[in-house]
2 protein chains.
Amino acid sequence: MLSQKAKYALRALIVLASRPDRALSAAAVAEAARVPTKFLEQILGELRVAGLVASQRGRHGGYRLARPAESITFAAVIRLVDGPIAPLPCLSQTAYRRCADCADEANCAIRRAFADVVVASRQALDATTIAAARDFDPAPPLATVPDR
Amino acid sequence: MLSQKAKYALRALIVLASRPDRALSAAAVAEAARVPTKFLEQILGELRVAGLVASQRGRHGGYRLARPAESITFAAVIRLVDGPIAPLPCLSQTAYRRCADCADEANCAIRRAFADVVVASRQALDATTIAAARDFDPAPPLATVPDR
DNA sequence: CGAATATCCTAGCTCGTCAATCGGGTTTTC
DNA sequence: GAAAACCCGATTGACGAGCTAGGATATTCG
């Protein structure tokens, strides 16, 4: 299951990608992306540390994408927020761990079945960018936020 | 993430599939599949209710597959134990639910990206059966259980 | 300057789920 | 009638998910 938090992160990034020209406050993003404001603040903090968004403090501050929307993949966002994409630790590219109770990894039928799953998942999530998502689902134009 | 319980269920079924001729006690399966015995009892109970295994009570009782191992897919087992395979409720075949906070399902970019993921996952897990898994990973021959 | 508006940071809270374990009850066989 | 097995409900402890609270800090504007 994709976590709620990951959905929020993706939606927030899509909102930011729809207004690359200016910084949006957490409150504005929260409204447009339908995310609890305080929770979103936390999430944007993580995205900032990871280098996906840049922030400007103080009055008229806010967040904007730190990189082109074309370069931010769903896979990257989900890994950041939810951790590895693989359904088994022994199939993770970015955080491989042996399954604790696995007798023989090479001959594990479960691992084998999920190897196909994870390849397809990664393929789909690497191929989808925030830019593509923004273009597919044009978010409402932030009518409530004055242009100052 | 595939739950521990689902792994246990799959391993247990593979063990049972390797001895279709006789009933195996929960304790014997537990040892061969490396699953805590009492926990396995619970799992086997669920598999029985679902019609995947049959049980025989009393002395010399035990469990055996209720259907040919070729007809039991990973997808069926995982759905039974972990619930829907889809990473979003709005993409589940067997338990569709609208995402609570989804504004417009048809135009949801997240849903769109995961549609590909779920199709591939289902395809892989429907294609893998307990029989195939048993043949791929020949479990140890239950040396510790006397043949009576 | 100082008030307003923002981000930043840490802590904590409430649920629900996961992964078991416990303690018995019931059935069947020898 | 005792042993070996399944059957069943309750409980437990750890953990993470999904928030909320409360302030500290930075920036801008009048």
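Proteins come first, then strands; the chains are lettered A, B, ... in the order of their sequence lines, and each starts at number 1. Heavy-atom basis, side chains included; hydrogens, waters and symmetry copies ignored.
- In this structure Glu46(A) satisfies the side-chain hydrogen bond (donor to acceptor under 3.5 Å, both in side chains) test together with Lys5(A), sequence neighbours excluded.
- With sequence neighbours left out, Ser71(B) forms a side-chain hydrogen bond (donor to acceptor under 3.5 Å, both in side chains) with Arg67(B).
- Contacts of residues 89-99 of chain B with DNA chain C (heavy atom under 4.0 Å): none.
- Of the residues in residues 36-49 of chain B, those with a non-hydrogen atom less than 4.0 angstrom from any atom of DNA chain D are Lys38(B), Glu41(B), Gln42(B), Arg48(B).
- Distances shorter than 4.0 Å separate none of the side-chain N or O atoms of Ser3(B) from OP1 or OP2 on dT17(C).
- Applying the salt bridge (Lys or Arg N to Asp or Glu O under 4.0 Å) rule to pairs touching residues 88-102 of chain A yields Asp101(A)-Arg11(B), sequence neighbours excluded.
- Under the ring pair (Phe, Tyr, Trp, His ring centres under 6.0 Å) criterion, Tyr63(A) pairs with no residue, sequence neighbours left out.
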Side-chain donor-acceptor pairs under 3.5 Å in residues 72-86 of chain B, sequence neighbours left out?
| unit_1 | atom_1 | unit_2 | atom_2 | d |
| --- | --- | --- | --- | --- |
| Thr73(B) | OG1 | Ala76(B) | N | 3.1 |
| Asp82(B) | OD1 | Ser3(B) | OG | 2.4 |
| Asp82(B) | OD2 | Ser3(B) | N | 3.1 |
| Asp82(B) | OD2 | Ser3(B) | OG | 3.2 |

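- Listed by chain and number, the residues in a side-chain hydrogen bond (donor to acceptor under 3.5 Å, both in side chains) with Glu41(A) amount to none (sequence neighbours excluded).
- The base of dT27(C) is not paired with the side chain of Arg59(B) by any donor and acceptor separated by under 3.5 Å.
- At the phosphate of dA5(D), neither OP1 nor OP2 sits under 4.0 Å from any side-chain N or O atom of Tyr63(B).
- Nucleic acid contact for Ala27(B): none, since no nucleic acid atom lies under 4.0 Å from a heavy atom of the residue.
- In terms of position along DNA chain D, the nucleotide closest to Ala26(B) lies nearer the 5' end than the nucleotide closest to the other residue of the pair Ala26(B) and Arg57(A).
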Show the atom names and distances, to 0.1 Å, of all donor-acceptor pairs under 3.5 Å that link a side chain in residues 111-128 of chain A to residues at least two apart or in another chain.
| unit_1 | atom_1 | unit_2 | atom_2 | d |
| --- | --- | --- | --- | --- |
| Arg111(A) | NH1 | Cys90(A) | O | 2.3 |
| Ser121(A) | OG | Val117(A) | O | 2.8 |
| Thr128(A) | OG1 | Ala124(A) | O | 2.9 |

